[in-house]
Structure formats: C-alpha cells, structure tokens
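Since the structure is predicted, the reported quantities are computational estimates derived from the model, not experimental observations.
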Amino acid sequence: MNAKTDAVQSLKKRHGLPEELASIIIRRIEDGDFKLGDVLPSEQALAEIYQVSRTVVREALARLKYEGIIMSKRGSGPVVCSTAPRKGFAIEVEHDGGAPLSSFFEFRLLVEGEAAALAAIRHNAEHKARFEGYLEQMVRAIEEQTSGADPDYRFHCLIADAAGNEYLSTFTRYLSTKIWMLVYSARGLSGKIRKRAQRVYAEHRAIYEAIAARDPVAARQAAQAHLLCSARRQGMELDVRHLVWDSGNARCQDDEA
C-alpha cells in the first residue's frame with residue numbers, strides 16, 4: 001500500500017519520532033484510510049507496519065488522544081472520533097475600529113447579556129458583597145484618576161461566576177488573557193476623563209442593581225447597554241436589530257463626548 005510505504009519512509013527520515021507517527025496517522029484519517037468510528041490497528045500491528053517500537057506507537061497514540069483524534073474504548077482499542085486535530089479556541093482582534101473589533105463587541109453583547117440575566121437569578125450574598133467591593137474600587141480609581149481596569153475586569157468575571165455556569169466562567173477568564181487587555185486599553189484611556197469614567201461606573205452600577213434586584217430582563221439590558229456604550233466610545237455602532245429592547249434608550253455619551 002503506497003500510503004504505508006510513504007509513511008515508513010517518512011518515519012525513517014525522522015528517526016521514528018512519535019510526533020511523526022501521529023502526523024502520519026492523522027493524514028491517513030484525513031485521506032479516508034481510517035474513518036470515524038474505525039478502530040485503529042493494535043499497537044503491535046502499528047509497530048510492524050511503520051517499523052518502530054511499541055513505545056513510539058504508544059506515545060503517538062497518547063498524542064492523538066490528547067488532540068481529540070482518538071478515544072479509548074474498552075475491549076476494542078483506540079477509536080477514531082475526529083478527522084482533524086483539536087485546536088485551541090482563539091479570538092484575534094485588531095483594535096482599529098474595523099469589523100474584527102465590532103464583531104468582538106457583538107459577540108460579547110450576546111454572551112455577557114445572558115450571563116447577567118443568569119446572574120440575576122442565581123447570585124448569592126457573597127456575590128453581592130464582591131460586586132459592591134469592585135464598585136467601591138472603581139469609585140476610588142475615579143477619585144485617584146487611575147484606570148480602574150482591574151476592578152472592571154473582576155466585575156465582569158464575577159458576573160460569569162454568579163451566573164452559575166462553569167463554561168461561562170471559564171470562557172470569561174479565557175477572554176481575560178488577551179482580549180480583555182485590548183478592551184482595557186480603552187478603559188484606561190476613558191479613566192483619564194473624569195466624567196467619562198463616572199459614566200462607565202454608572203453603567204456597571206446599573207448592571208449590579210439589576211442583578212441585586214433579581215431582575216434578569218433588566219440585568220440583560222443593563223449589560224448590553226454597557227457594551228453598546230463601550231463600543232460607541234471607541235467609535236463603533238453595532239447592529240442592534242436583534243435586541244428585544246429599544247437600545248435607543250441607552251444613554252452612553254457624557255458631556256465631553
């Protein structure tokens with residue numbers, strides 16, 4: 001079989017590294033030699049086909065399992081469960097006021113609005129105390145003319161925590177690693193303008209009050225209004241035709257805008 005011959009040659013060139021064997025198996029899956037649901041040959045069979053040790057095969061299979069290509073099935077051996085390696089979810093955003101950034105805000109509008117609605121239903125006394133603490137930190141940041149980025153970030157993470165959904169919490173923290181820094185650059189700049197910083201604080205305060213009142217509709221609206229205003233402060237107008245409330249009522253501009 002040509003695929004096998006090519007595979008053996010490739011392995012010989014690469015000294016039989018597990019990474020190479022894993023890549024060859026992935027290529028055979030992509031080519032249709034192994035289909036979804038197929039059981040791969042045994043470790044011994046693979047070792048014989050590709051003329052490598054069983055240790056190399058075992059390490060290659062471990063890599064394929066980690067990548068989500070195969071899964072273990074008791075009594076049958078590794079089963080093909082995907083045709084492509086698992087890739088980490090990533091969002092790349094350019095802070096240029098163009099489509100990528102506006103798409104990011106639109107994405108946040110959908111996710112964080114629902115997170116706030118869930119938080120209004122599921123939050124507890126501890127969450128309320130932490131919300132109030134972050135709001136107090138925002139006030140101090142205004143008084144001290146600092147950015148207030150840290151309590152801002154923690155406030156939004158807390159919304160996800162209070163929503164009581166592990167995926168929301170995990171994803172919000174994922175955003176913090178890269179994308180939130182982009183947003184915070186604008187947040188820091190707005191902090192230099194006292195009235196604008198006060199407006200940003202008021203938006204966060206409105207979200208908290210709706211959550212504290214256990215009003216999911218108002219919490220969703222307050223969170224979405226804050227994001228609309230954040231986008232407008234960066235020169236973007238989002239498509240709001242899908243919103244179930246009149247976004248024209250969102251007061252975003254301060255006296256200096």
Side-chain angles (χ1 to χ4, degrees), residues 89-121 131 134-135 138 147-149 151-160 162-163 165 167-193 195-211 215-257:
F89 182 78
I91 299 177
E92 300 295 335
V93 182
E94 295 181 6
H95 193 181
D96 58 4
L101 186 55
S102 62
S103 294
F104 167 59
F105 270 96
E106 188 174 83
F107 176 73
R108 290 184 64 199
L109 198 69
L110 300 173
V111 174
E112 296 186 42
E114 294 309 308
L118 284 173
I121 297 170
F131 274 125
Y134 295 144
L135 289 171
M138 290 181 197
S147 73
D152 186 321
Y153 157 65
R154 295 179 187 279
F155 184 96
H156 285 275
C157 285
L158 182 55
I159 291 175
N165 185 295
Y167 295 109
L168 281 173
S169 296
T170 301
F171 192 69
T172 298
R173 280 163 176 74
Y174 159 74
L175 290 178
S176 73
T177 62
K178 184 173 184 180
I179 302 173
W180 282 92
M181 295 305 298
L182 175 70
V183 178
Y184 289 158
S185 65
R187 176 67 175 83
L189 290 174
S190 69
K192 296 178 181 179
I193 304 174
K195 289 185 178 180
R196 181 167 295 183
Q198 290 172 334
R199 174 62 65 188
V200 172
Y201 164 78
E203 292 164 13
H204 285 81
R205 184 82 200 180
I207 298 171
Y208 164 69
E209 290 178 352
I211 290 174
D215 187 337
V217 175
R220 179 188 297 110
Q221 179 174 325
Q224 291 176 336
H226 165 57
L227 292 169
L228 287 174
C229 293
S230 295
R232 290 177 189 173
R233 281 189 284 269
Q234 298 184 59
M236 291 172 288
E237 286 292 336
L238 304 183
D239 187 345
V240 296
R241 291 173 292 178
H242 63 289
L243 298 182
V244 296
W245 57 281
D246 183 3
S247 62
N249 293 330
R251 297 182 57 191
C252 302
Q253 302 302 319
D254 55 54
D255 295 337
E256 298 182 17

* Asked: Are any non-hydrogen side-chain atoms of L110 and H242 less than 4.5 angstrom apart?
  ->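 The answer is yes; the side chains approach within 4.5 Å.
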
Should H204 and D152 count as side-chain neighbours, where that means a heavy-atom distance under 4.5 Å?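 Of all side-chain heavy-atom pairs linking D152 with H204, at least one is under 4.5 Å.
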
From [X] [atom1] over to [Y] [atom2], what is the distance, rounded to the nearest 0.5 angstrom?
X: S102; Y: Q234; atom1: OG; atom2: CD; value: 11.0 Å
X: L227; Y: F104; atom1: CG; atom2: CZ; value: 8.5 Å
X: R232; Y: L238; atom1: CZ; atom2: CG; value: 8.0 Å
X: R199; Y: R233; atom1: CZ; atom2: CZ; value: 8.5 Å
X: R108; Y: H156; atom1: CZ; atom2: NE2; value: 5.5 Å
X: L243; Y: Q224; atom1: CG; atom2: CD; value: 5.0 Å

Considering all heavy atoms, the nearest [X]-[Y] contact:
X: A116; Y: I211; result: O-CG1, 4.0 Å
X: Y201; Y: L135; result: CE1-O, 3.6 Å
X: A218; Y: A210; result: C-CB, 3.6 Å
X: Y134; Y: P151; result: O-CB, 3.6 Å
X: A219; Y: A120; result: CB-CB, 3.9 Å

### salt bridge (charged side-chain N to carboxylate O under 4.0 Å, His left out) assessment of E209 paired with R205
CA-CA 6 Å; E209 290 178 352; R205 184 82 200 180; 3.3 Å; yes

* Asked: Hey, what's the ring geometry for Y208 with F131, parallel, tilted or perpendicular (30° and 60° as the breaks)?
  ->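 Aromatic pair Y208/F131 classed tilted.
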
Side chain to side chain contact (heavy atoms under 4.5 Å, CB included) filter on L118, not counting sequence neighbours, yields R122, A163, L168

